[in-house]
Amino acid sequence: MEIDIVTFGKITEIIPNGMMSFSGLTDTDQLKATLEQRYPELAGMKYKLALNKTLVQENKPVIEGAVIAIMPPFSGG
Amino acid sequence: MEIDIVTFGKITEIIPNGMMSFSGLTDTDQLKATLEQRYPELAGMKYKLALNKTLVQENKPVIEGAVIAIMPPFSGG
Amino acid sequence: MANYRKKMSDKRIKNIFIKGPVSPSFIADSIGKHSSKTSIGAHQIFLGQVRRDEVDGKTVTAIEYTAFEDLALEKMHAIREEIFGKYPLTCMHIYHSLGTVKSGELCFFVFTSSAHREPATQACAEVVERIKKELPIWGKELFEDNTHQWKENK
Amino acid sequence: MANYRKKMSDKRIKNIFIKGPVSPSFIADSIGKHSSKTSIGAHQIFLGQVRRDEVDGKTVTAIEYTAFEDLALEKMHAIREEIFGKYPLTCMHIYHSLGTVKSGELCFFVFTSSAHREPATQACAEVVERIKKELPIWGKELFEDNTHQWKENK
């Protein structure tokens, strides 16, 4: 399945933006585990996901074509 | 003895500015009592004195030529 | 009627982002616009300014801000509603820079107004705190030698 | 040396009084002057604005401010020293109007700056509170029919 990955801040330097292929994925917890395998640097970082522009607070189902934002800690202001 | 009376705020409407004569006065407590006799409206008001530009926190001696400011509650800001 | 219009406008998602630094004259214009709101007795303003910090002997010359704008504006809208529900404010204006803001320039402007002092003061502090914590905005600290580090809020 | 000069200047009694209202452009100038102080990360500003209050059916059109200036400036000096001793501030500027300030105009401007947010925010609130309580300044609220009442701070 194809998922649209959007990265921000420091994570833009680790994971490229754009469509990324996954298989056997059904939820955001599995997505995180797969991303951390593919990009081991991510495993050591604090980050949050947003699914289709909504912050992921707990595990959520992921379907083909979802837009997933990967966000390091905020540092505005 | 002559004392220079300076009034502020609401009290300017009760007590005139300028030199005022007193007799038998030696301290600010006696000055207050005399002023409240001469201007009964003052007795019902909250006010503070300053003696030669220093706020009077406790009874202070008063001598000829002292400058006494009579100040109602502050309302700046 | 005035009240109705007010409520309607509160439902719109407002933009808070401006390109580059917040200028002092922009702040002055914003302050001046409140002279017709004669129920206001107190304004509280917070401004964030980019520091020329030194990190391992290198100097921060600017911060480059990016944001997940849609998510940030939705979150800001929710915060705005909560703050207006909690404090009797007359108005609240928020601006945050995107793009490059040099050291010494302003990147963040929070402006709250109320009849008496406490609500404007408390709301301003709370909004600043929440924006720093909850809005998906990132600052990239640029050094003079073209290297960078990502800003971290304490 | 910079530190020494700073301390010297702190010993001078500064004037805080300005004739008539505080203008937004004056505030902008004051903000702009801080762009060269690149250790500053946060500014907190409090502004007092004259309200068009209604009292027994009459409307406040202006406040006329008077002060016991010498005593006020000495007290302000003492407050300034205490605040600088208590908070790590980069700077603090205080202005208060004397004379007539119309409804909708600004009469009071407190401006504190520090490297990080908390000192500027806490110092600003504390200074505003203390000035209202401790400085011999009086406001005379003028009504449209030329009557007046003396302002009272809560």
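Values reported hereafter were calculated over all heavy atoms of this structure, with side chains retained and with hydrogens, waters and symmetry mates removed. By convention in this document, chain letters (A, B, ...) are assigned in the order of the sequence lines, proteins followed by strands, and residues within each chain are numbered from 1.
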What's the separation between atom NZ in C:K75 and atom CZ in C:R130, rounded to the nearest 0.5 Å? 6.0 Å
Side chain, backbone, both or neither: which part of D:S39 has a heavy atom under 4.5 Å from chain C? backbone
What distance do C:I45 atom CD1 and D:F109 atom CZ have between them, rounded to the nearest 0.5 Å? 8.0 Å
Scored by heavy-atom pairs under 4.5 Å with chain D, the best of C:R52, C:E129, C:R51 is C:R51
At what distance, to the nearest 0.5 angstrom, does NZ of C:K19 lie from OG1 of C:T100? 7.0 Å
Contact winner vs chain C - D:V50, D:V128, D:I40, heavy-atom pairs under 4.5 Å: D:I40
Main-chain N/O of D:I18 paired to D:S97 side chain as donor or acceptor, under 3.5 Å: no
Heavy-atom pairs under 4.5 Å with chain C - which of D:S36, D:S103, D:A115 has more of them than the others? D:A115
Given heavy-atom pairs under 4.5 angstrom as the criterion, report whether the side chain, backbone, both or neither of D:C124 touches chain C. side chain
Quick one: do the D:T121 and D:Q44 side chains pair a donor with an acceptor below 3.5 Å? yes
Side chain, backbone, both or neither: which part of D:I27 has a non-hydrogen atom closer than 4.5 Å to chain C? side chain
Would you tell me whether D:S113 and D:K37 have side-chain atoms, one donor and one acceptor, within less than 3.5 Å of each other? no
Of the backbone (N, CA, C, O) and the side chain (C-beta and beyond), which part of D:K102 lies under 4.5 Å from a heavy atom of chain C, both, or neither? neither
Taking D:H34, D:K132, D:R117 one by one, which has the highest count of heavy-atom pairs under 4.5 Å against chain C? D:R117
D:E105, part contacting chain C, at a heavy-atom distance under 4.5 Å: neither
Could you check whether D:E82 pairs with D:K86 (Lys NZ or Arg NE/NH1/NH2 to Asp/Glu carboxylate O, under 4.0 Å)? no
